[in-house]
Engineer: 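Got a structure for you, questions after.
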Amino acid sequence: MAHIKLLNEELPGIVGLLNYRPETGKPLTDLAEVLLRGPSSLSSGEREIIAASVSYWNGCHFCHTSHAAAAAAHLKSGLSLIDDIKAGLPQTPVSDKLRALLHIAHQVQRNGKNVTEEDITETREFGATDIEIHDTVLIAAAFCMYNRYVDGLGTWAPGPNEAYAEMGERMAHVGYGKF
């Protein structure tokens, strides 16, 4: 049960919070839509991996598992991707560029000031553009906020990965704020 009385206690994680206060929920879902599904040279699957990774590092089960399920839907990889993200993607073939961007995202998740010129230079050497670096930092920063919103209000989350399959498909193929 959330720390506050939600309008619909059956809605898990951020979904219940967005429903509780639509006037703040809309800008939050609009931001997620642009960051994760809008035009980008990074695929939506790659951007969902960044969001899911940051959420895992922040210990936000709902956000990690739902965004990892969305990544799995985009990449058609199966729900095993959820646990592979937790392990650092040893079983999932990803580019060196994405691994470098994930390093930057992890630095942002810890403290934005942890991102160094060396991190940026290495990421560029793997082919990342300035806009990809920008968007990675913004995804990481936004998901730190989303994770703290979800966990700070004590929302509930389904446990098993399989419970997120349908949600991941909807997020990937329908979008955010369109549940």
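FYI, the numbering just counts along the sequence from 1. What you see is a predicted model; the values in this text were computed from it and never measured.
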Engineer: Distance check, rounded to the nearest 0.5 Å: Leu98 atom CG versus Thr92 atom OG1?
Structural biologist: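 Reported to 0.5 Å precision, the distance equals 10.0 Å.
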Engineer: Measure the acute angle between the ring planes of Tyr164 and His61, then classify it against the limits of 30° and 60° as parallel, tilted or perpendicular.
Structural biologist: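 Ring orientation of Tyr164 relative to His61: perpendicular.
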Engineer: Report yes if some heavy atom in the side chain of Thr136 is under 4.5 Å from a heavy atom in the side chain of Thr123; otherwise report no.
Structural biologist: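 Of all side-chain heavy-atom pairs linking Thr123 with Thr136, none is under 4.5 Å.
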Engineer: Picking from Ile85, Val54, Leu89, what satisfies side chain to side chain contact (heavy atoms under 4.5 Å, CB included) with Leu102?
Structural biologist: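 Exactly one option meets the side chain to side chain contact (heavy atoms under 4.5 Å, CB included) with Leu102, and it is Leu89.
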Engineer: Would you say Arg110's side chain and Ala105's backbone share a donor-acceptor pair under 3.5 angstrom?
Structural biologist: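 Not a single qualifying donor-acceptor pair exists.
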Engineer: For Arg170 and Gly175, indicate whether the former's side chain and the latter's backbone hold a donor-acceptor pair under 3.5 Å.
Structural biologist: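 Flag not set: sc Arg170 to bb Gly175 has no pair under 3.5 Å.
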Engineer: Using side-chain heavy atoms (C-beta onward) and a distance below 4.5 Å, is Tyr56 in contact with Thr65?
Structural biologist: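 When only atoms from C-beta onward are counted, Thr65 and Tyr56 do not touch, as no gap falls below 4.5 Å.
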Engineer: Please check if the side chain of Asn58 supplies one atom and the backbone of Cys60 the other of a donor-acceptor pair under 3.5 Å.
Structural biologist: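 Answer holds: no.
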Engineer: Please give me the minimum heavy-atom distance between Cys63 and Ser55, naming the atom from each residue.
Structural biologist: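 Closest pair (atom of Cys63, atom of Ser55, distance): CB-OG, 3.4 Å.
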Engineer: Begin from the C-alpha positions of Leu42 and Leu101 and carry the test side-chain contact (heavy atoms from CB on, under 4.5 Å) through to its verdict.
Structural biologist: CA-CA 11 Å; Leu42 295 173; Leu101 290 168; 3.8 Å; yes
Engineer: Side-chain contact, heavy-atom cut-off 4.5 Å: Gln107 with His103?
Structural biologist: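 Contact flag for Gln107/His103 side chains = yes.
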Engineer: Tell me the closest heavy-atom pair linking Ile133 and Ala128, and the distance in Å.
Structural biologist: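 Shortest heavy-atom contact: CG1-CB, 4.1 Å.
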Engineer: Cluster question for you: counting only ILVMFWY and a side-chain heavy-atom cut-off of under 4.5 Å, with indirect links fine, are Val94 and Leu79 together?
Structural biologist: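 Per the 4.5 Å side-chain linkage, Val94 and Leu79 are not co-clustered.
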Engineer: Which atoms form the tightest heavy-atom contact between Thr29 and Tyr176, and what is the distance?
Structural biologist: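 For Thr29 versus Tyr176, the nearest heavy atoms are O-CB, 3.8 Å.
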Engineer: Would you call Arg124 and Glu122 a salt bridge, taking side-chain N to carboxylate O under 4.0 Å as the test?
Structural biologist: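 A salt bridge is absent here (no side-chain N lies under 4.0 Å from a carboxylate O).
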Engineer: Kindly indicate, with the supporting measurements, whether the criterion side-chain contact (heavy atoms from CB on, under 4.5 Å) is fulfilled by Ser80 and Gln91.
Structural biologist: CA-CA 9 Å; Ser80 62; Gln91 304 299 316; over 6 Å; no
Engineer: Between Arg47 and Ser43, does a side-chain contact (heavy atoms from CB on, under 4.5 Å) hold up when you go through it step by step?
Structural biologist: CA-CA 6 Å; Arg47 290 177 281 162; Ser43 73; 5.9 Å; no
Engineer: Hey, does the side chain of Glu48 reach the backbone of Ala68 with a donor-acceptor pair shorter than 3.5 angstrom?
Structural biologist: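 Not a single qualifying donor-acceptor pair exists.
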Engineer: Considering non-hydrogen atoms only, spot the tightest contact between His173 and Ala73 and give its length.
Structural biologist: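 Shortest heavy-atom separation between His173 and Ala73 comes out as NE2-O, 3.9 Å.
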Engineer: Begin from the C-alpha positions of His106 and Phe143 and carry the test ring pair (Phe, Tyr, Trp, His ring centres under 6.0 Å) through to its verdict.
Structural biologist: CA-CA 11 Å; His106 200 185; Phe143 273 83; over 10 Å; no
Engineer: For a 4.5 angstrom cut-off between non-hydrogen side-chain atoms, does Leu31 reach Tyr146?
Structural biologist: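 Yes - at least one pair of side-chain heavy atoms lies under 4.5 Å apart.
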Engineer: Please confirm whether the ring centroid of His3 lies under 6.0 Å from the ring centroid of Tyr20.
Structural biologist: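 For His3 and Tyr20, the ring centres are not under 6.0 Å apart.
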Engineer: Do the side chain of Ser44 and the main chain of Leu36 share a donor and acceptor less than 3.5 angstrom apart?
Structural biologist: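 Side chain of Ser44 to backbone of Leu36, a donor-acceptor pair under 3.5 Å: yes, one is there.
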Engineer: Side-chain contact test, heavy atoms from C-beta onward, threshold under 4.5 Å: evaluate it for Glu9 versus Trp156 and give yes or no.
Structural biologist: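 No, too far: nothing below the 4.5 Å cut-off.
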Engineer: Hey, could you give me the CG/OG distance between Asp84 and Ser77, rounded to the nearest 0.5 Å?
Structural biologist: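 With rounding to 0.5 Å, CG (Asp84) is 8.5 Å from OG (Ser77).
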Engineer: Can you name the nearest heavy-atom pair linking His67 to Ala52, along with the distance?
Structural biologist: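 Residues His67 and Ala52, closest heavy atoms: C-CB, 3.9 Å.
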Engineer: Is a salt bridge present between Lys86 and Asp83, judged by a nitrogen-to-oxygen distance below 4.0 Å?
Structural biologist: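 Yes, charged N to carboxylate O under 4.0 Å.
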Engineer: What distance do Glu166 atom CD and Met171 atom CE have between them, rounded to the nearest 0.5 Å?
Structural biologist: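 Result: 12.5 Å between the selected atoms.
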Engineer: Look at the side-chain heavy atoms of Ile, Leu, Val, Met, Phe, Trp and Tyr, link any pair under 4.5 Å apart, and say whether Leu7 and Ile4 land in one connected group.
Structural biologist: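 The answer is yes; both residues are in one hydrophobic cluster.
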Engineer: With rounding to the nearest 0.5 angstrom, report the CG to CD1 distance, Asn19 to Ile14.
Structural biologist: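 Rounded to the nearest 0.5 Å, the CG-CD1 separation comes out at 12.0 Å.
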Engineer: Is Lys97 salt-bridged to Glu132, going by a charged N under 4.0 Å from an acidic O?
Structural biologist: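 Salt bridge flag = yes for Glu132 with Lys97.
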Engineer: Go through it in stages, so that I can follow the logic: the residues are Phe62 and Val15, the test is side-chain contact (heavy atoms from CB on, under 4.5 Å), and I'd like the CA-CA distance, side-chain angles, deciding distance and then a yes or no.
Structural biologist: CA-CA 10 Å; Phe62 178 83; Val15 181; 4.1 Å; yes
Engineer: Are Leu35 and Tyr149 linked, directly or through intermediate hydrophobic residues, by side-chain heavy-atom contacts shorter than 4.5 Å (ILVMFWY only)?
Structural biologist: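 Yes: a chain of side-chain contacts under 4.5 Å links Tyr149 to Leu35.
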Engineer: Is the shortest heavy-atom distance from the side chain of Val108 to the side chain of Leu138 under 4.5 Å?
Structural biologist: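 Not in contact.
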Engineer: If Ile, Leu, Val, Met, Phe, Trp and Tyr residues are connected whenever their side-chain heavy atoms lie under 4.5 Å apart, and connections chain through other members, are Val34 and Ile139 in the same group?
Structural biologist: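 Different clusters: Val34 never reaches Ile139 through Ile, Leu, Val, Met, Phe, Trp or Tyr contacts under 4.5 Å.
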Engineer: Do the non-hydrogen side-chain atoms of Asn147 and Val150 ever get within less than 4.5 Å of each other?
Structural biologist: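 No, every pair of side-chain atoms sits at 4.5 Å or beyond.
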Engineer: In terms of hydrophobic clustering (I, L, V, M, F, W, Y; side-chain heavy atoms under 4.5 Å; direct or indirect links), are Leu18 and Met145 co-clustered?
Structural biologist: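 Leu18 clusters together with Met145.
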Engineer: Taking all heavy atoms of Ala71 and all of Ile49, pick out the closest pair and write down the distance.
Structural biologist: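 Looking at all heavy atoms of both residues, the shortest contact is CB-CG1, 3.9 Å.
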Engineer: Do His64 and Ile82 have side chains that get closer than 4.5 Å, going by heavy atoms?
Structural biologist: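 SC-SC contact between His64 and Ile82 confirmed.
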